Number of protein chains: 2
Amino acid sequence: MNDQDPALFALLNEIGIIEQLARNRFERAQPDGLRLPHFTVLNHMVRLGDGKTPGQLARAFQLTKATMTNTLQRLEARGFIRLEPDPDDARAKRVFLTPEGRARREEAVAFTATDLAALAQRADIRADALLAPLRALRTALDRDPRRN
Amino acid sequence: MNDQDPALFALLNEIGIIEQLARNRFERAQPDGLRLPHFTVLNHMVRLGDGKTPGQLARAFQLTKATMTNTLQRLEARGFIRLEPDPDDARAKRVFLTPEGRARREEAVAFTATDLAALAQRADIRADALLAPLRALRTALDRDPRRN
DNA sequence: ACTAGATAGTAAGATATCGAACGAAAGGAG
DNA sequence: CTCCTTTCGTTCGATATCTTACTATCTAGT
């Protein structure tokens, strides 16, 4: 990066590299090939409750429905979630965690927390100070034509 | 995210979403399907000079050589770069910008600069203040050994 | 000079992601 | 009720990325 780049340009560049490194770090640490999107969905359901529709999940993660279909199929094949028909809408489904899914999420959370704590300690990252401005940036980027 | 999440966890989560939104925003604005990795390589060569090897480029972007091979093949097929044998090492190649590649990069830079300027104005992002800590985070992720 | 190991680029196969197109079902206007 | 539009999930084809494996070439140690 040099001085000709607008700061925001350089910032997004840096963010892209960090995302890639962090994703790699997480996925390599998993013994069973659990991918970051899989974990993210499991984590979401533990924290905010399951029983949501695939479409709701897709919107929550800013992904297309097609992508969510793929992720849910993988999670179901691993036995981490269960898909049931929506009693109120014959087009829709509902996604539920299985005990295995919940357990696998706990495992990943525990490991990740340990890893990140060690990282933060070694690198002296003040993550809480960065969080608010990045959320503002996300919100600004988010005002875009809706997808799908 | 709630209070149980370590701040760094939430931070990386936010970064992942921003990366996705920014990539989408860029790629949708291109009229000819130019992808972010393609632009990134063109931009790098304009700013830091061409004539590098694929391996050097892969390292610069933290990508595998295989990924860079793919990107360079696309760029060459579009006529944006030219690959020549390295005179000093028969295993290696050298990557050069074509006039078309340079022009396409200028076009994308111009548009992106305008778009980001508007975004920064709308959102009051202090990108320069965020840049240094994120670079520290990147360096930490890049260096810190994984536990497994 | 030979040989073993490292390095350069590529290929194959996997996965995540997107956009486009689809059938099924719901909802609204008449 | 009928037709039109919207919404839900899925499938298909494309692209970027990774890992693994391969060939060709270079380099160092003996």
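Here the structure is a predicted model, which means the values were calculated and not measured. Every chain is numbered from 1, with letters handed out A, B, ... down the list of sequences.
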Colleague: Atom CG of Asn70(B) and atom P of dT19(D): how far apart are they, to the nearest Å?
Modeller: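 Value for this atom pair: 15 Å.
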Colleague: For dG9(C), does either OP1 or OP2 sit under 4.0 Å from a side-chain N or O belonging to Thr69(B)?
Modeller: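 Checking Thr69(B) against dG9(C): no side-chain N or O falls below 4.0 Å of OP1 or OP2.
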Colleague: Whole angstroms only, please: what is the CG-P distance between Leu57(B) and dT7(C)?
Modeller: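 Rounded to the whole Å, the gap is 18 Å.
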Colleague: Enumerate the residues from residues 86-94 of chain A whose closest heavy atom to DNA chain C is under 4.0 Å, giving them by residue number; use none for an empty result.
Modeller: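 Those residues whose heavy atoms fall under 4.0 Å from DNA chain C, taken from residues 86-94 of chain A in numerical order, are Asp89(A), Ala90(A), Arg91(A).
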Colleague: For the side chain of Arg74(B), counting heavy atoms from C-beta on, which of dT17(C), dT19(D), dA16(D) is nearest?
Modeller: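 In terms of side-chain proximity for Arg74(B), the closest of dT17(C), dT19(D), dA16(D) is dA16(D).
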Colleague: Can you check whether Thr71(A) reaches Leu57(A) side chain to side chain, under 4.5 Å on heavy atoms?
Modeller: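 Not in contact.
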Colleague: What integer distance in Å separates Leu63(A):CG from dT15(C):P?
Modeller: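 Value for this atom pair: 18 Å.
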Colleague: If you count the non-hydrogen atoms of other residues, nucleotides and ligands that lie under 6.0 Å from CD in Glu84(A), is the total more than 12?
Modeller: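 Counting other residues, nucleotides and ligands, CD of Glu84(A) exceeds 12 neighbours.
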Colleague: Looking at side-chain heavy atoms only, is the closest gap between Glu14(B) and Pro133(A) below 4.5 Å?
Modeller: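 Sidechains of Pro133(A) and Glu14(B): no contact.
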Colleague: Once you round it to whole Å, what is the distance between P of dA14(D) and CD of Gln73(B)?
Modeller: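 After rounding, the gap between these two atoms is 17 Å.
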Colleague: Looking only at the side chain of Thr71(A) (C-beta and beyond, no hydrogens), which of the listed nucleotides dC18(D), dA16(D), dT17(C) gets closest?
Modeller: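 That would be dT17(C).
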Colleague: Is there a side-chain contact between Val46(A) and Glu106(A), using heavy atoms and a 4.5 Å cut-off?
Modeller: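 In short, these two side chains touch, coming nearer than 4.5 Å.
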Colleague: List the residues meeting salt bridge (charged side-chain N to carboxylate O under 4.0 Å, His left out) with Arg78(A), not counting sequence neighbours, and say none if there are none.
Modeller: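 Only Asp32(A) meet the salt bridge (charged side-chain N to carboxylate O under 4.0 Å, His left out) criterion with Arg78(A).
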Colleague: In terms of the nearest nucleotide of DNA chain D, which residue is placed more toward the 5' end: Pro54(A) or Gln20(A)?
Modeller: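 Looking at DNA chain D, the more 5' nearest nucleotide goes with Pro54(A).
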Colleague: Side-chain N or O of His38(B) versus OP1/OP2 of dT15(D): is the shortest distance under 4.0 Å?
Modeller: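 Negative; the distance criterion is not met.
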Colleague: Does the side chain of Thr53(B) get closer than 4.0 angstrom to OP1 or OP2 of dA8(C) through an N or O atom?
Modeller: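 Thr53(B) to dA8(C) OP1/OP2: no side-chain N or O under 4.0 Å.
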Colleague: Round to a whole Å and report the spacing from CZ of Arg28(B) to P of dG19(C).
Modeller: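 About 5 Å, once rounded to whole Å.
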Colleague: If you check the Thr64(A) side chain, which of dT17(C), dG19(C), dT19(D) turns out closest?
Modeller: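 That would be dG19(C).
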Colleague: Going by atom type alone, with no hydrogens or angles, which donor-acceptor pairs under 3.5 Å involve a side-chain atom of residues 107-114 of chain B and a protein atom two or more places apart or on another chain?
Modeller:
| residue | atom | partner | partner atom | Å |
| --- | --- | --- | --- | --- |
| Thr112(B) | OG1 | Ala108(B) | O | 2.8 |
| Thr114(B) | OG1 | Ala110(B) | O | 3.0 |

Colleague: Just the rounded figure in Å: distance from P of dT25(D) to NZ of Lys65(B).
Modeller: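 So the two atoms are 15 Å apart, to the nearest Å.
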Colleague: So, applying side chain to side chain contact (heavy atoms under 4.5 Å, CB included) with Leu34(B), which one of Arg74(B), Arg104(B), Arg105(B) is it?
Modeller: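 Among Arg74(B), Arg104(B), Arg105(B), the one that satisfies the side chain to side chain contact (heavy atoms under 4.5 Å, CB included) with Leu34(B) is Arg104(B).
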Colleague: In this structure, how many angstroms lie between the P atom of dC18(C) and the CZ atom of Arg25(B), rounded?
Modeller: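 About 16 Å, once rounded to whole Å.
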Colleague: Between dG9(C) atom C1' and Glu76(B) atom CD, what is the distance in whole Å?
Modeller: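 It is 13 Å, rounded to the nearest whole Å.
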Colleague: OP1, OP2 of dC8(D) versus side-chain N and O of Arg59(A): anything below 4.0 Å?
Modeller: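 So the side-chain polar atoms of Arg59(A) do come within 4.0 Å of the phosphate oxygens OP1 or OP2 of dC8(D), strictly under.
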